[in-house]
Amino acid sequence: MTTRNPPDSSARTVIEGCHIVTMDDDRVEHATGHVVVEGNRIAAVGTGSAPAYPDAHIVNGSGCLLTPGLVNTHHHLYQWVTRGQAVDGTLFEWLTTLYPVWAHIDERSVGVSAQASLTWLARTGCTTSSDHHYVFPRGGGDLLAAEIDAARTVGLRFHPCRGAMDLGESDGGLPPDSVVEDHDAALAATEAAIDRWHDPSPDAMVRIAVAPCSPFSVTPELMREAADLARRRGVLLHTHLAETTDEESYCRERFGRSSLDYAADLGWLGDDVWFAHAIHLDDAGVKRVGESRTGVAHCPSSNARLGAGIARTRELRDVGARVGLGVDGAASNEAASLLEEVRHAVLFARARGGPQALTVRDGLEMATRGGAAVLGRLGEIGSIEVGKLADLVLWRLDTLPHAGIDDPVAALVLGAPPPLELLLVDGRPVVERDRVVTVDEDTVARQAAAVSAALLRSS
Ligand SMILES: [Zn+2]
């Protein structure tokens with residue numbers, strides 16, 4: 001397994017001359033400011049130049065915007081190699097096209113796909129990513145290990161969610177029986193993943209969550225026992241919920257309730273739970289999610305690509321829900337760029353609710369401190385403050401696409417994706433001058449194309 005040494009605690013990097021959006025509690029911004037990084041933590045933030053440090057590595061940030069690293073709260077990394085399928089289908093049509101392809105994934109394809117997904121996430125400003133992996137074909141090998149190894153190689157902070165499906169077609173579920181797991185085996189594998197990889201320490205690079213897939217692919221028993229397991233072990237819970245009207249019809253027919261009421265009755269509400277999507281909530285549902293401090297991973301591009309609808313982000317934020325952004329799997333969001341989710345979150349909220357629905361700073365907040373709150377890590381990441389981990393993005397805004405836009409946050413959120421001058425995770429550079437430095441992007445692209453072709457041929 002590839003690992004990198006922790007940064008030397010005496011190593012000091014100074015980034016100065018840039019606009020800084022701290023996203024701290026007071027939302028302080030510095031028009032021209034500096035940040036000092038020591039080891040893997042932020043040691044100073046302020047206006048103007050930093051004090052002179054004779055031994056520091058100096059990064060000239062003029063023409064750039066410094067923000068906290070973006071936090072991706074929902075993804076399926078293995079889907080990078082199955083992009084471009086069922087491009088005009090509904091969620092259920094898209095899933096039934098892809099399940100037979102996914103039945104052939106293995107350690108090699110998942111490792112290559114995860115590396116490609118994470119490399120592109122880094123290039124689009126992401127420093128922490130979750131992943132929701134729920135397809136474990138028999139004989140596929142150690143898929144979670146493959147993606148954790150990929151995250152270590154690329155250098156992102158990583159929250160893999162051990163998913164599962166135990167409700168196959170023959171029992172009234174949507175997935176074919178060949179891709180579902182035995183209930184007890186899935187729970188045992190999930191607990192083994194917690195034992196092996198979950199790191200509760202404050203600067204953890206890997207944390208595990210418990211994540212049965214969705215109401216139409218998981219039995220109520222597994223949902224309930226997964227919640228019990230997560231609470232017994234002190235880890236978070238994640239699932240898909242209220243993504244489409246088809247799902248709502250399924251829940252009403254099968255369980256006599258909305259998807260949210262069904263989940264709530266199984267113990268799935270609270271500040272240790274986050275749902276991907278949460279689109280089809282009525283007013284009472286929005287209130288229930290907010291009052292319980294449940295989290296939401298809003299994935300606007302995927303939702304629009306599948307014609308599923310758009311979450312009520314303004315209302316959810318207003319009632320106290322923790323709302324972050326997610327790319328969702330690359331097979332339903334071929335662009336797979338977290339920065340694009342910020343733009344789409346703002347645009348779609350306004351298309352639904354008018355120009356005041358979300359500000360550009362609201363969008364950036366959801367992608368940074370909002371995502372950190374969803375993953376239970378707001379004490380460590382999500383803002384630029386002394387003592388927090390040095391997960392930072394320096395966006396270059398002085399080239400053709402952005403030069404002349406006065407407000408750098410508007411330039412970042414509404415403009416074209418800018419080049420990255422620097423991306424640090426845990427104080428270490430992952431992107432420099434718009435190239436990922438931990439892996440060779442061209443090699444990653446070639447491997448992903450080869451794996452994709454082989455996988456589509458075998459299905
Ligand atoms: Zn998803």
Side-chain angles (χ1 to χ4, degrees), residues 71-83 85-87 89-99 101-102 105 110 113-114 117-118 120-121 126 129-136 143-144 147 158-165 167 173-175 179 209-218 223 226 236-248 250 259 263 268 273-280 294-311 323-338 340-341 344-345 371 374-375:
V71 178
N72 181 24
T73 58
H74 186 66
H75 206 306
H76 310 288
L77 299 178
Y78 76 96
Q79 291 182 6
W80 183 277
V81 295
T82 63
R83 293 181 298 163
Q85 304 297 307
V87 293
T90 64
L91 173 69
F92 281 14
E93 288 163 355
W94 173 88
L95 280 170
T96 48
T97 302
L98 280 162
Y99 282 139
V101 181
W102 295 339
I105 60 172
V110 168
S113 194
S117 298
L118 291 162
W120 190 241
L121 282 171
C126 175
S129 184
S130 61
D131 181 57
H132 186 184
H133 193 85
Y134 55 85
V135 183
F136 292 90
L143 305 188
L144 223 52
E147 63 173 37
F158 193 41
H159 283 227
C161 307
R162 209 296 181 179
M165 301 191 289
L167 186 66
L174 193 69
V179 294
V210 176
C213 184
S214 66
F216 51 83
S217 60
V218 176
M223 290 292 287
L236 300 183
L237 278 163
H238 180 47
T239 193
H240 294 100
L241 204 83
E243 182 174 0
T244 64
T245 51
D246 286 344
E247 178 188 338
E248 292 310 298
Y250 179 93
S259 65
W268 278 73
V273 176
W274 88 103
F275 298 134
H277 312 305
I279 295 169
H280 297 284
T294 302
V296 171
H298 176 43
C299 307
S301 299
S302 169
N303 298 152
R305 199 265 206 198
L306 293 166
I310 282 295
V323 184
L325 297 182
V327 164
D328 204 0
S332 63
N333 178 4
E334 279 74 1
S337 150
L338 193 51
E340 285 196 30
E341 299 312 299
H344 289 162
V374 166
L375 296 185

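Note that ligands are numbered from 1 as they come in the structure, with each ligand's atoms numbered from 1 the same way.
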Has E243 got an N/O/S atom less than 2.8 Å from the Zn ion (ligand 1)?
no
Could you tell me whether any N, O or S atom belonging to H240 is less than 2.8 Å from the Zn ion (ligand 1)?
yes
Would one find an N, O or S atom of H277, in either backbone or side chain, under 2.8 Å from the Zn ion (ligand 1)?
no
How is the N/O/S atom of D328 that comes nearest to the Zn ion (ligand 1) named?
OD1
If you take the centroid of each ring, where Trp contributes its six-membered ring, are F92 and Y250 closer together than 6.0 Å?
no
Rounded to 10 degrees, the angle NE2 of H74 makes with NE2 of H76 at the Zn ion (ligand 1)
100°
Would you please say whether a donor-acceptor pair under 3.5 Å links the side chains of S129 and N72?
yes
Would you kindly say whether N333 and E340 are connected by a side-chain donor-acceptor distance under 3.5 Å?
no
Give a yes-or-no answer on whether the side chains of H74 and D328 include a donor-acceptor pair shorter than 3.5 Å.
yes
Would you call the rings of H76 and Y134 parallel, tilted or perpendicular, taking 30° and 60° as the class edges?
perpendicular
